[in-house]
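Read through the structure below, which is laid out as structure tokens, and then see the notes.
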Amino acid sequence: MSRPVVTRFAPSPTGMLHIGGVRTALFCWLYARKHGGRFILRVEDTDLSRSTDENIRIIEEGMAWVGLDWDEGPIPGTTDEFKGPHGPYRQMLRMDLYRAKIQELVDRDLAYRCRCSREVLDERRKSVEAQGVPFQYNRGYDAGKGCRDAHHDASQPYAVRLKMPEGTESWLEEGAITWTDLIKGHLAFPADTLDDWIIARTAEGNEIGVPTYNFCVVVDDTSMEVSHVIRGDDHVSNTPKQIALYRAMGCELPEFAHVPMILGKDGAKLSKRHGALSITEYREMGFLPAAVRLALARLSWTPKVAGQAPETAEEELLTDAQMIQLFDLHDIQKSPARFDMDKLSWMNQKLVQRASWQELDPYLTPFMPAAWKTQSEPWKQVAIKATQKGKSLKDMAEALAFVWERPQSFEPKSVEKFMTETAKAALRDVAALTDYAHDRLEPAFNGILEKHGLKLKDLAQALRVALCGKPVSPPIFDTLFLIGREEVLKRLERWV
RNA sequence: GGGGCUAUCGUCUAGGGGUUAGGACACCGCCCUUUCACGGCGGCAACAUGGGUUCGAAUCCCAUUAGCCCUACCA
């Protein structure tokens, strides 16, 4: 029963890496890491029109950015190179394997050729459903009417269907296909509600056609020795079909764990309308990958420390190491969760706050103007620490924009409020200062304040307005230091 | 139509026969403060509905309602 833990994530290259998919991948990854197992990335590229190299790259880059490394799968940047013993890890390159498996099933009489044309099928479906009965190929109302027993015109092309259990097989439980889902618990699907489904599409002539999704998945998962199939809830109903196939092929069943879906804020299926769907967009919004991992992990999963759920904000902010240590499929919710951008923002803010300026620097660079890279380390350190309270990297970059951009305009209200004659007189003294080191500015300012009978607040606000056009900026000494004396003097010119 | 899953504050959730139904985010208020923030303190706010079972139900059972998934020669 117990074998090495192997999990997999199998996205289709659709042109983006979906946030819901990333969450599923994250659970697979956490599970593999926790149990010292392997995590596979497999590309389901049977939709030829969308499966471009470019789209595969998007998956690889998205996974890499969000920090989910795979032990087996594509080697990024290549088209047909893979790591791992069970390659290739792209379905289109596995067609020979699929066809061989199908041939074997047909030879062993566990699957059969179906020569019913689409037209015939559509017609039959229509007439059956007109009577309020569900149409199932070779099942129920339609039992015995298909190609399972009677072979029709052998000159016609064919699809291949799997023989589904009749209801009396010994591995069924009271006529039902069952399994104990690691998240959903014991599940049972009456066998007579499942029909002989197609495993290979019709091809030209006397060929086996392109295999269908549910077939490929099982072949891949068995041949790649996947021990735990952790996937989206939307596959629950596919599982009994797949189990029948595992049985037919005589393969050991993996454990199944179906993770609930992620819904939008309004409870509807997550879509573009709710904001960002693609992992790339979260990067562009200025979220740290660690924050995305945490926020995603905490949707539907409640980590328990000695049976206790987090009780403080501190306990909510798990590191990767803690997540790996605490991860348990039993602590995953059965019901879908709504995605809350506010919570992601909060987590991001907290992680930004805790990071050192060195850690933040590389993540921040893409949001900064080119001049950022040429700044000295001490300067960057002040810049980062002065803005490290923002919710996102983007916020931080915006909070620093004043350094590179002279004010386009000055808020009239603020000018009126803070630019008094005394304040301007004090600004003249500020302009005379030469040393912008923090510990020099403070005593110098005290002298100026005393001379003019001002409070720090009055001077600071006047300075902000003069330098930034608005009464908002990092702490005033940092603001001066970051802008630098030369530029400060230029911006002060019009006011003194 | 058939099959399957789900249902606690606005959101994520804890709790699974006896609790003032707990926490986090969001929101609101107060404090701190050189601005904006951060931070601190406090507040608001929930067991979908109806039947059972029971001395007692958010918790167990059934039904209803609502949502989602499968029911494709899509994945």
Side-chain angles (χ1 to χ4, degrees), chain A residues 10-12 14 44-47 50 91 114 116-118 121 125 129 131-136 140 157-161 176 181 184-185 187-190 192-195 197-203 209-214 216-217 232-241 258 260-261 263 265 267-269 295 298-302 304 307-317 333-347 349 353 387-391 395 399 414 418 445 449 455-461 463-465 468 470-477 479:
Chain A
S12 307
T14 58
E44 312 231 319
D45 61 345
T46 50
D47 181 346
R50 295 199 288 188
Q91 288 187 331
C114 170
C116 298
S117 68
R118 277 174 201 260
L121 252 22
R125 173 173 291 116
E129 286 178 349
Q131 301 174 53
V133 179
F135 175 72
Q136 301 166 281
Y158 60 87
V160 179
R161 288 181 188 268
D181 195 278
K184 300 256 171 199
L187 263 21
F189 288 70
D192 59 14
T193 61
L194 275 357
D195 68 358
W197 55 286
I198 288 177
I199 57 178
R201 300 177 179 84
T202 305
V210 179
T212 56
Y213 165 80
N214 280 118
C216 299
V217 172
D233 216 340
D234 49 339
H235 289 293
V236 168
S237 305
N238 286 327
T239 306
K241 294 185 209 174
H258 289 93
M261 306 272 89
L263 306 177
K265 186 86 187 171
K269 194 172 171 176
R298 290 293 278 99
L299 279 181
S300 298
W301 174 50
T302 304
K304 303 276 178 70
Q308 282 294 308
E311 284 283 296
T312 63
E314 189 60 32
E315 289 169 352
E316 292 277 351
L317 300 167
Q333 216 71 2
K334 292 181 184 174
S335 49
R338 303 184 188 201
F339 184 63
D340 184 5
M341 194 70 99
D342 287 333
K343 198 128 185 175
L344 205 210
S345 263
W346 174 75
M347 288 171 168
Q349 183 176 42
Q353 278 174 23
T387 52
Q388 213 167 344
K389 284 144 193 162
K391 291 201 182 300
D395 287 351
S414 304
F418 299 113
F445 261 59
L449 294 175
K455 288 179 178 169
L456 179 54
K457 180 176 187 173
D458 306 319
L459 216 207
Q461 290 304 77
L463 259 176
R464 288 192 169 95
V465 172
C468 310
K470 56 188 192 327
V472 177
S473 85
I476 197 63
F477 299 142
T479 302

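Reminder, nothing fancy here: chain letters follow the sequence lines and each chain counts from 1.
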Counting only side-chain heavy atoms from C-beta out, which of [options] sits nearest to [X]?
| X | options | value |
| --- | --- | --- |
| A/S237 | B/C38, B/A75, B/C70 | B/C70 |
| A/P134 | B/A72, B/G1, B/A75 | B/G1 |
| A/T193 | B/C12, B/G4, B/G2 | B/G2 |
| A/K304 | B/G15, B/U11, B/A72 | B/G15 |

Take the protein atom [atom1] of [X] and the nucleotide atom [atom2] of [N], then report the distance between them rounded to whole Å.
| X | N | atom1 | atom2 | answer |
| --- | --- | --- | --- | --- |
| A/K241 | B/C70 | NZ | P | 9 Å |
| A/F135 | B/G2 | CZ | P | 18 Å |
| A/D192 | B/G2 | CG | P | 14 Å |
| A/H258 | B/C5 | NE2 | P | 13 Å |
| A/H235 | B/C74 | NE2 | P | 16 Å |
| A/F189 | B/C5 | CZ | P | 6 Å |
| A/N214 | B/C73 | CG | P | 12 Å |
| A/K334 | B/G16 | NZ | P | 14 Å |

**OP:** Look at A/R161 together with A/D195 and state whether they make a salt bridge at an N to O cut-off of under 4.0 Å.
**Re:**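 Salt bridge between A/R161 and A/D195, a charged N being under 4.0 Å from a carboxylate O: no.
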Does [N] have a Watson-Crick or wobble mate here (both distances under 3.5 Å), and if so which one?
| N | result |
| --- | --- |
| B/U35 | none |
| B/A14 | none |
| B/C60 | B/G52 |
| B/G1 | B/U71 |
| B/C41 | B/G29 |

*asked:* With nearest nucleotide decided by heavy atoms, which residue, A/A188 or A/G132, maps closer to the 5′ end of RNA chain B?
replied: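 Its nucleotide being nearer the 5' end, the pick is A/G132.
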Nearest heavy atom decides the nucleotide; on that basis, is A/Q353 or A/V133 closer to the 5' end of RNA chain B?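 Residue closer to the 5' terminus by nearest nucleotide: A/V133.
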Quick tally for nucleotides 22-35 of chain B: nucleotides whose base has a protein heavy atom under 4.0 Å get B, sugar-phosphate-only ones S, the rest -, giving SSBSS-------BB
- Item | Touch class at under 4.0 angstrom, heavy-atom based, for A/C116 against every strand present |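 Base, at least one base heavy atom under 4.0 Å.
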I'd like the [atom1] distance from [M] over to [N], given in whole Å.
| N | M | atom1 | result |
| --- | --- | --- | --- |
| B/C27 | B/U19 | P | 34 Å |
| B/G67 | B/A48 | C1' | 12 Å |
| B/U13 | B/U35 | C1' | 37 Å |

**Message:** Just to verify, what does A/F477 make a ring pair (Phe, Tyr, Trp, His ring centres under 6.0 Å) with, not counting sequence neighbours?
**Reply:**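 Checked A/F477 against ring pair (Phe, Tyr, Trp, His ring centres under 6.0 Å); matches are A/H438, A/F445.
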[X] side-chain N/O to [Y] backbone N/O, donor-acceptor pair under 3.5 Å:
| X | Y | result |
| --- | --- | --- |
| A/D181 | A/H258 | yes |
| A/R464 | A/P474 | yes |
| A/R201 | A/V210 | yes |
| A/T212 | A/I198 | yes |
| A/Q136 | A/T193 | yes |
| A/K334 | A/P260 | no |

Under 4.0 Å between a side-chain N or O of [X] and OP1 or OP2 of [N]?
| X | N | answer |
| --- | --- | --- |
| A/R201 | B/A75 | yes |
| A/T212 | B/C73 | no |
| A/K389 | B/G39 | no |
| A/Q333 | B/A14 | yes |
| A/R338 | B/G10 | no |

Beyond-backbone contact of A/E316 with A/R298, side-chain heavy atoms, under 4.5 angstrom: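 Yes; the side chains approach each other to less than 4.5 Å.
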For this session: Decide, for B/C31, between syn and anti: a glycosidic angle within 90° of 0 counts as syn, anything else as anti.
Result: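 Anti conformation for B/C31.
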